[in-house]
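Keep in mind that this is a model prediction, so the values were computed, not measured.
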Amino acid sequence: MSKILISPSKYIQGAGEMKNLGTYAAGYGKKALILISSGGYKRIGPQIEDSFKGVDCQPEFDYFNGECSKTEIDRLSGLMKDKGCDLMIGIGGGKIFDTAKAVAYYNRTPVIICPTIASTDAPCSALSVIYTDSGVFEEYLFLPANPNLVMMDTDIVAKSPVRLTVAGMGDALATYFEARACMRSGAVSCAGGNSTAAAMALAELCFNTLMEEGVKAKLAVERGVCTESVEKIIEANTLLSGIGFESAGLAGAHAIHNGMTVLEECHGMYHGEKVAFGTIAQLVLEDVPMEDLEEVISFCIEVGLPVTWEQLGAEDITDEQIMEVAEAACAENDTLHNMPFEVTPAKVFAALKAADAYGRYFMGE
């Protein structure tokens, strides 16, 4: 099996970059369909429009319907054709990126991804996570190429809600542990091969950055400022985690997240918040040393990531519901089978119960 590392063609991160979007877009197309939420347009729409003044690319805005579903992808693909767009731009959060990437793929156009938050590692990947219209995980859509450009305006990200940046830390928290599991099992990564040493090094750097800078960054974002710690966490949440998960592999944490989408009680939680709890459950499955478990759970508690079912909104969860999550996580096409040992619904059920107990223990309950 060959070793493969993939990444976006270009990654740009810095203060005030949104004012350059039109100039960047003109290098890829003549008419851009810009997918954004209505709230996002209210906040930064005029700034985006100003960036297109005087450049040879026309913007066409459309509001996201809320789910990266086949219905939404088909709607936007039709709009691309109707409007004659030859470039797709996604501005906002993870489901917008995944939708924009899928639409660009089906329409054979370039795609630019502009996160206004650092809440997931979705921006850099050649992957779209497809959900049903009601928000239940359906499948992964593996794309032939990564985005043409990922652009992070750190001024905008630093002013986003703190919970979103923390959720991004939760998503990034899984990167090293899932990469390590895939390396041990020899699993094929999302990139289509085994991990390179470079991908593993970036995954480990991602984890170390979280441990060293995460709390400092959270405190700074609470004040709406972009310090060097915030810059490092934005890079960890987006680029390091993005390359790490895609080129080194996914395993237990994200499969358990996908299993949790069957719980209506957890639909109000962000992707990274559920992944963080999935990471704890994966570590339980691996039976890591107590000090390793304590380091991860204590970090989650300190930055505000959920470590119990109650914090995930499922305080009254039953054993039957937990088993439903476990069975969904063990779906034949999901990444739990990349773990370096056999995983069954019964084992995942036990790990989920224990993860909640450990969370309560370290919280002093």
A.B. asks: Could you tell me whether E273 and R163 have a side-chain N and a carboxylate O separated by less than 4.0 Å?
C.D. replies: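 Salt bridge present between E273 and R163.
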A.B. asks: Counting only heavy atoms not in E315, do more than 12 sit closer than 6.0 Å to its CD atom?
C.D. replies: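 Enclosed: over 12 neighbouring heavy atoms sit under 6.0 Å from CD of E315.
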A.B. asks: Under 3.5 Å, is there a donor-acceptor pair between the N20 and E17 side chains?
C.D. replies: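 Distance-only check passes for N20 and E17.
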A.B. asks: So with a 6.0 Å cut-off around OH of Y131, is the heavy-atom count from everything else above 12?
C.D. replies: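 Yes.
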A.B. asks: Hey, does the side chain of E265 reach the backbone of I317 with a donor-acceptor pair shorter than 3.5 angstrom?
C.D. replies: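 Flag not set: sc E265 to bb I317 has no pair under 3.5 Å.
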A.B. asks: Check this for me: does any side-chain nitrogen of one of D62 and R75 sit under 4.0 Å from a carboxylate oxygen of the other?
C.D. replies: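 Salt bridge: yes.
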A.B. asks: Partners of F61 by ring-ring contact (aromatic ring centres under 6.0 Å, His included), sequence neighbours excluded?
C.D. replies: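 Only Y41 meet the ring-ring contact (aromatic ring centres under 6.0 Å, His included) criterion with F61.
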A.B. asks: Cut-off 3.5 Å, side chains only: do S69 and D133 have a donor facing an acceptor?
C.D. replies: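 Yes, a side-chain donor-acceptor pair sits under 3.5 Å.
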A.B. asks: Is it true that atom CZ of F142 has more than 12 heavy atoms of other residues, nucleotides or ligands lying nearer than 6.0 Å?
C.D. replies: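 Counting neighbours around CZ of F142, more than 12 heavy atoms of other residues, nucleotides or ligands fall under 6.0 Å, so yes.
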A.B. asks: Do N338 and S185 have side-chain atoms, one donor and one acceptor, less than 3.5 Å apart?
C.D. replies: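 No pair is found: no donor N or O on one side chain lies under 3.5 Å from an acceptor on the other.
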A.B. asks: How far apart are the C-alpha atoms of R360 and D356, what are their side-chain angles, what is the distance that settles it, and do they pass the salt bridge (charged side-chain N to carboxylate O under 4.0 Å, His left out) test?
C.D. replies: CA-CA 6 Å; R360 293 177 182 279; D356 176 77; 3.0 Å; yes
A.B. asks: State, without any angle test, whether Y24 and N148 hold a side-chain donor-acceptor pair at a distance under 3.5 Å.
C.D. replies: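 Checked: Y24/N148 side chains show no N/O donor-acceptor pair below 3.5 Å.
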A.B. asks: Please say whether more than 12 non-hydrogen atoms of neighbouring residues, nucleotides or ligands are located less than 6.0 Å from CG in D319.
C.D. replies: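 Enclosed: over 12 neighbouring heavy atoms sit under 6.0 Å from CG of D319.
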A.B. asks: Does E178 reach the main-chain N or O of F245 with its side chain, forming a donor-acceptor pair under 3.5 Å?
C.D. replies: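 Looks like no, no N/O pair under 3.5 Å.
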A.B. asks: Quick one: do K95 and D98 make a salt bridge, cutoff under 4.0 Å?
C.D. replies: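 Salt bridge: no.
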A.B. asks: Taking the side chain as every heavy atom from C-beta outward, state whether L210 and Y176 have any pair of such atoms under 4.5 Å apart.
C.D. replies: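 No; the side chains remain at least 4.5 Å from each other.
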A.B. asks: Can you list the residues that meet the side chain to side chain contact (heavy atoms under 4.5 Å, CB included) rule with E138, with sequence neighbours excluded?
C.D. replies: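 Partners of E138 under the side chain to side chain contact (heavy atoms under 4.5 Å, CB included) test: K70, T132.
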A.B. asks: Honestly curious: do L141 and L250 fall in one hydrophobic cluster under the side-chain, below-4.5 Å linking rule?
C.D. replies: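 Different hydrophobic clusters.
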A.B. asks: Do E231 and T154 have a side chain donor and acceptor closer than 3.5 Å?
C.D. replies: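 Result is yes, a qualifying pair exists.
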A.B. asks: Just by distance, do the side chain of N65 and the backbone of E72 share a donor-acceptor pair under 3.5 Å?
C.D. replies: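 Checked: no pair found.
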A.B. asks: Around atom CZ of F137, are there more than 12 heavy atoms of other residues, nucleotides or ligands at under 6.0 Å?
C.D. replies: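 Yes.
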A.B. asks: Quick one: do the T261 and K274 side chains pair a donor with an acceptor below 3.5 Å?
C.D. replies: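 Absent: no donor and acceptor within the cut-off.
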A.B. asks: Using the rule given for salt bridge (charged side-chain N to carboxylate O under 4.0 Å, His left out), can you reason through K218 versus E302, listing the C-alpha separation, both sets of side-chain angles and the distance that settles it, and then say yes or no?
C.D. replies: CA-CA 10 Å; K218 181 199 176 188; E302 195 164 9; over 6 Å; no
A.B. asks: Any non-hydrogen side-chain atom of F207 less than 4.5 Å from a side-chain atom of E295?
C.D. replies: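 The answer is yes; the side chains approach within 4.5 Å.
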